[in-house]
Each structure stands twice: as C-alpha cells, then as structure tokens.
**Student:** 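Pasting a structure below so you can have a look.
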There are 2 protein chains.
Amino acid sequence: MAKLTGTRTFEQVLAEIERRIILSGLRVGDRLPGERQLAEELQVGRSSVREALRVLETLGLVECQVGRGPNAGAILTYDPDGTLTDLLRLNLSLSSLTMREIIDTRLMIEQWSAGQAAHGPHAEHTRAMTAALAAMDSAATPEEFVAHDMAFHIALTDAAGNTLNSAIMRALSNTLRHYAVEAVHRLGHTADLQADHRLIHTAITTGTPADAVAAVTEHLGRAYPLATPM
Amino acid sequence: MAKLTGTRTFEQVLAEIERRIILSGLRVGDRLPGERQLAEELQVGRSSVREALRVLETLGLVECQVGRGPNAGAILTYDPDGTLTDLLRLNLSLSSLTMREIIDTRLMIEQWSAGQAAHGPHAEHTRAMTAALAAMDSAATPEEFVAHDMAFHIALTDAAGNTLNSAIMRALSNTLRHYAVEAVHRLGHTADLQADHRLIHTAITTGTPADAVAAVTEHLGRAYPLATPM
DNA sequence: GATCGGTGTATGGTCTGACAATATTTGGTC
DNA sequence: GACCAAATATTGTCAGACCATACACCGATC
C-alpha cells in the first residue's frame, strides 16, 4: 500500500477503500471484504482496518454486522442523517452551536423547500403530508404530535426533491425534537399549529410558491418565536 | 461502566466521554485524558477507547497529537467543515448525491445569507469580501481565482452570522472547487464574474435585502447554469 | 423428499501486551 | 545561561488470542 497520503495507517486504509469503491463501482447494499481479509490484502494490522471502518460507519457509509452469511460484515449504506444528528448534538454540547442557529437554518430550508415544492410536488410526498396531518389530529400526547409534526415537515422538505436538504432537515428535526415537545406542552393546544399546517399543505398543492413560502414563514414564526423572518 | 446504551463497548465509551464533556463543562481547547488512563478508568480495552476517539475525530470534535506536553493527546476542537466535506465527497462517490443537489443547496444558503447580511453586515466580513475581490483581480490562474472566489462567498455567508450555515457552505465550496476551476477554464475570462461580485458587495453594503438576493441569484445562475432560480 | 436440530465456521467485537514514532521535559555539561 | 543528550509520556500500530453471534452445512428423523 502506498505510503503517500496521510501518515496514519488507518487513513491510508480509508483512502484505499474509497479508491476501491470508486473503481469497482460499488453501490449501496454491496459488501466490503472482511476485516481480516482487508488487513492481509493491505498488509496492515486489523486494528487499523477497524479504525477506518469506524470512520466510514460514523460518516454513515457502512453498517457493520456480526455473524455469518450475506448480511454479515461491512455493507455499504446511505445514512447521512445519523452523522449530521451526532454532529449537531455534540457541537451543541460543546456550545459551538446555538439552538437559534439550528432553528434559523431549518427555517431557511423549509422556506426554500416550500417554494420549490409548490412548483410541482410529487403525489408521494403530498400524500405523506396528508397522512401526517391526520395523525397529528388524533395524537394523544405532545410526544406523539411532535413525531407526526416532524414527519409532516420532512415530507414537505422531501417534496422539494433535494436529498441533501432532506438529510440536513432530518438531522435538524431530530435535534429540535425535545425543544418542540416542550413548546407544545407550554402551548397547551395544537389547533393553531394544525391550522398553519393545513394552510401550508393547501399552498403547496394549489397555491403559488410565494404563498407556500409565506405560510411556512408564518408557521415557524409561531412555533419558534425566536426565529427571525427573512 | 453501565452496559445500558449500545451493546458495543466503544459506543459506551463515546457516551461516557460525551457525558463528561457536558458535566465537566469542557470547552474547545481543553484536553481529554490519555487513551490508557481512559481505558483504565472505564475498565475497557485501549482499542475501544481508540475507536471512540476515532469517531469523535471524524465528527471534528477532537484532534489527536502524539508526543508529550500540553499539546499532546486528544484536544477538543471545532471543525465540522472537515466532517461535512468528507460526507459530501463520499456520498458523491457512492452516487447517493448529485452535483446538482449540492449546487442548489449552495444557492439556497447564499440567497438566504445575502438577505440576512444586507440587514447589517459586520465590517469584519465586508472587509474580507473586499480583500477577496482585490485578490481575484490579481489572480494569475483559474486555481488562484477560485481560491479567492471561495473566500468571497464564504465571507458573504459568514456575514449572515449563522455558523452552521457557514460550516455547510465551506463544505459545499470544498466539494465544488474542482468544478469551479473547470468552469473558469471554460469561460476563459472572469470579468463577468467579477462584475457580479461587485454588484453583490454593493447590494449587501448599501442596498436592500431583495437587491442582495437578486444579485446572488443572478451570479450563481451564471456561474452554475444548471441551478434553478427559486 | 422435506423438516428439524446440532455442529461447524466465518465474522465482527474486545482485550492484552508489545514495540515504534514523536515531541516534550528533564538534567547534565560546558 | 546555553546547549545537547537521555528519560518520558503520548499516540500509532501490530500480533495473537478469545468471545458472541448468526448463518451454513449435514445428518437424523419423519
């Protein structure tokens, strides 16, 4: 193995795995060689291979399973949400980020998504929004309400058709979950929020992009009073 | 150590380190205990501690240095750019993301940032933008031009005051660097781009938010013809 | 032939001990 | 006081061993 890029062994393993993924045209669902085999092929210790796999797992690129058979070992996957959620949580713990910034970024993504979605949303996503609306109506607890509220807003983001934004939005939602549950507790009721949701849904399915953006801005301003409208 | 959350040992180490960071109020710049000490305190093997540290390093939360003294060991840091850049690059390799999505997300962030920045940018960032403009004027190669172009757009994002968006923008810029260099090569000149840049700068310092958004939209539409204006 | 059950085995997960590489600290010498 | 050599603390790496897990295989039984 070339000793060129990166002095640490596991970084070279990382680069080599990345190279193989590109060269071999591996796709999500495909399997990587076992740790022992990789270690022997690359002439490195198994611990270096393991550290490289840990990095790939952290980046949401592989999932590791023990045992035997076609599902065992390191399998290529696609889960940036987990990485981003961890990233946000830990940087909040370190006070490198503020809740305010997270809320503002969410507002940005939802405004943009609403505008895009209003151009021509896929039925799949508007159906998911409708289902979430009904589920929120019959939610018995704030926790349950917020779970479906998250689904609604994620479906709205998905409707814009940008998977990167969707991944970021999922991570933001995960991070804001507790915050949102508390907010619903304080509010005591969800009628206003649901009215907003229905306005958003209507604007996206039958209104103009400007209507959709306005509806989202109005709603998030109510749900997160700190947020500054653009 | 409690065996409650997560079956894998290194995940428990991860949780314990995170708990200590929160409880001890550790901040960026502070040092974590050494690998051996952590292993003994938590009654786990050193390899488990190392895998946990590798995860934290991947998430841009710690940097590890060998040797002795106050700078050795795992030091808390703040570098989400690196994580996000890796995330984008690897997901592009796996075709889980498209260049188009990255460009659209960049457009979204810059539009939002321009609107926010026009409300009242800090002198620090407008100065950085001015410096980048001058550097672009005297750039001898497309590579050099793009380096300062990135600095300009990052300064614009910084001017909006959201560090999360700035981190995402940095990662997006890193990912688009090659693409941008090729685009400048094809274009053959940079006069139009610089004219756009000056319009953006003027709009942010003396114009309305709507002017700033329009200037950014116009510019990115020219630089990345694929991008769909909102 | 089909089904059930036990055994084998490949795989990740972990620990231990050892050594190498590196950067600082320490102490001795001029 | 300045400079150089040795001690030391730290991460980086490897090798080997063992455990837990989940499937594969094969034989016995119906």
Side-chain angles (χ1 to χ4, degrees), chain A residues 1-17 20 26 29-77 79 82, chain B residues 1-17 20 26 29-77 79 82:
Chain A
M1 200 164 74
K3 297 284 178 183
L4 297 175
T5 63
T7 50
R8 289 139 105 194
T9 305
F10 82 87
E11 289 174 346
Q12 301 164 17
V13 175
L14 212 46
E16 175 62 19
I17 293 178
R20 292 192 183 194
L26 292 178
D30 292 339
R31 230 182 98 182
L32 258 48
E35 296 178 357
R36 290 172 179 83
Q37 185 180 340
L38 266 176
E40 192 182 1
E41 285 180 15
L42 306 183
Q43 287 294 295
V44 299
R46 202 181 143 203
S47 54
S48 295
V49 172
R50 280 187 62 79
E51 292 190 15
L53 288 175
R54 208 55 63 227
V55 172
L56 291 176
E57 191 179 346
T58 304
L59 292 172
L61 231 78
V62 305
E63 278 183 359
C64 299
Q65 290 177 359
V66 300
R68 184 176 162 159
N71 290 330
I75 296 184
L76 288 180
T77 179
D79 172 33
Chain B
M1 200 164 73
K3 296 286 179 182
L4 297 176
T5 62
T7 49
R8 288 138 104 194
T9 305
F10 83 86
E11 288 175 346
Q12 301 165 18
V13 174
L14 213 46
E16 175 64 19
I17 293 179
R20 291 191 183 194
L26 292 177
D30 293 339
R31 226 182 103 184
L32 257 48
E35 295 177 359
R36 287 173 179 79
Q37 184 180 339
L38 267 176
E40 192 182 2
E41 285 179 15
L42 306 184
Q43 287 293 295
V44 299
R46 204 184 141 205
S47 54
S48 295
V49 172
R50 280 186 63 80
E51 292 192 14
L53 288 175
R54 209 54 63 226
V55 172
L56 291 176
E57 190 179 348
T58 303
L59 291 172
L61 233 78
V62 306
E63 277 184 0
C64 300
Q65 291 178 358
V66 301
R68 184 176 163 159
N71 289 332
I75 296 184
L76 288 180
T77 179
D79 173 33

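In what follows, chains carry the letters A, B, and so on, assigned in the order in which the sequence lines appear, proteins first and then strands, with residues in each chain numbered from 1.
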**Student:** Separation of A:Glu63 atom CD from C:dT11 atom P, in whole Å?
**Tutor:** 19 Å
**Student:** Under 4.0 Å between a side-chain N/O of A:Ser48 and OP1 or OP2 of D:dC14, yes or no?
**Tutor:** yes
**Student:** To the side chain of A:Val44, which of C:dC15, D:dC14, C:dG13 is closest?
**Tutor:**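 Closest of the options to the side chain of A:Val44: D:dC14.
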**Student:** Answer yes or no: is there a side-chain heavy-atom contact under 4.5 Å between B:Glu51 and A:Ser47?
**Tutor:** no
**Student:** Find the distance A:Phe10:CZ to D:dG12:P and express it as a whole number of Å.
**Tutor:** 7 Å
**Student:** What's the closest nucleotide to the B:Cys64 side chain, out of D:dG12, C:dC15, C:dG13?
**Tutor:**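 So the nucleotide nearest the side chain must be D:dG12.
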**Student:** Test side-chain contact (heavy atoms from CB on, under 4.5 Å) on B:Leu38 and B:Val13; report intermediate values, then the result.
**Tutor:** CA-CA 9 Å; B:Leu38 267 176; B:Val13 174; 5.7 Å; no
**Student:** If you look at every strand shown and take non-hydrogen atoms under 4.0 Å, does A:Ser47 touch a base, only sugar-phosphate, or nothing?
**Tutor:** base
**Student:** Got a sec, which residues hit side chain to side chain donor-acceptor pair (under 3.5 Å) with A:Arg46, two or more places apart in sequence or on another chain?
**Tutor:** A:Glu35
**Student:** Figure out the CD/P separation between B:Glu40 and D:dT10, and round it to whole Å.
**Tutor:** 13 Å
**Student:** At under 4.0 Å between heavy atoms, what does B:Gln65 touch on the DNA or RNA strands: base, sugar-phosphate, or nothing?
**Tutor:** sugar-phosphate
**Student:** Rounded to whole angstrom units, what separation is found between the CG atom of A:Leu56 and the P atom of C:dG12?
**Tutor:**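 My rounded result for the distance is 13 Å.
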**Student:** Provide, to the nearest angstrom, the distance between the CZ atom belonging to B:Arg8 and the C1' atom belonging to C:dG12.
**Tutor:**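 Rounding to the nearest Å, CZ of B:Arg8 and C1' of C:dG12 are 9 Å apart.
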**Student:** For B:Ile75 and D:dT10, what is the distance between atoms CD1 and P respectively, to the nearest whole Å?
**Tutor:** 12 Å
**Student:** Just how far, in rounded Å, is C1' of C:dG13 from CZ of B:Arg54?
**Tutor:**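 After rounding, the reported distance stands at 17 Å.
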**Student:** Can you pull the side-chain hydrogen bond (donor to acceptor under 3.5 Å, both in side chains) pairs that have at least one residue in residues 62-77 of chain A, sequence neighbours excluded?
**Tutor:**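 Listed by first then second residue: nothing to list.
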**Student:** For B:Glu40, give me all partners under salt bridge (Lys or Arg N to Asp or Glu O under 4.0 Å), at least two apart in sequence or on another chain.
**Tutor:** none
**Student:** Report the residues that fulfil side-chain contact (heavy atoms from CB on, under 4.5 Å) with B:Ile75, sequence neighbours left out, ordered by chain and then residue number.
**Tutor:**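 B:Ile75 satisfies side-chain contact (heavy atoms from CB on, under 4.5 Å) with B:Arg31 once adjacent residues are dropped.
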**Student:** For each nucleotide in nucleotides 18-24 of chain C, reading 5' to 3', give B when a protein heavy atom comes within less than 4.0 Å of its base, S when such contact involves only the sugar-phosphate, and - otherwise.
**Tutor:** BB--BBB
**Student:** When the distance from CG of A:Leu53 to P of C:dT11 is rounded to whole Å, what number comes out?
**Tutor:** 13 Å
**Student:** My understanding is that only residues two or more places apart in sequence, or in another chain, count here; which of them pass side-chain contact (heavy atoms from CB on, under 4.5 Å) with A:Leu14?
**Tutor:** A:Ala52, A:Val55, A:Leu56
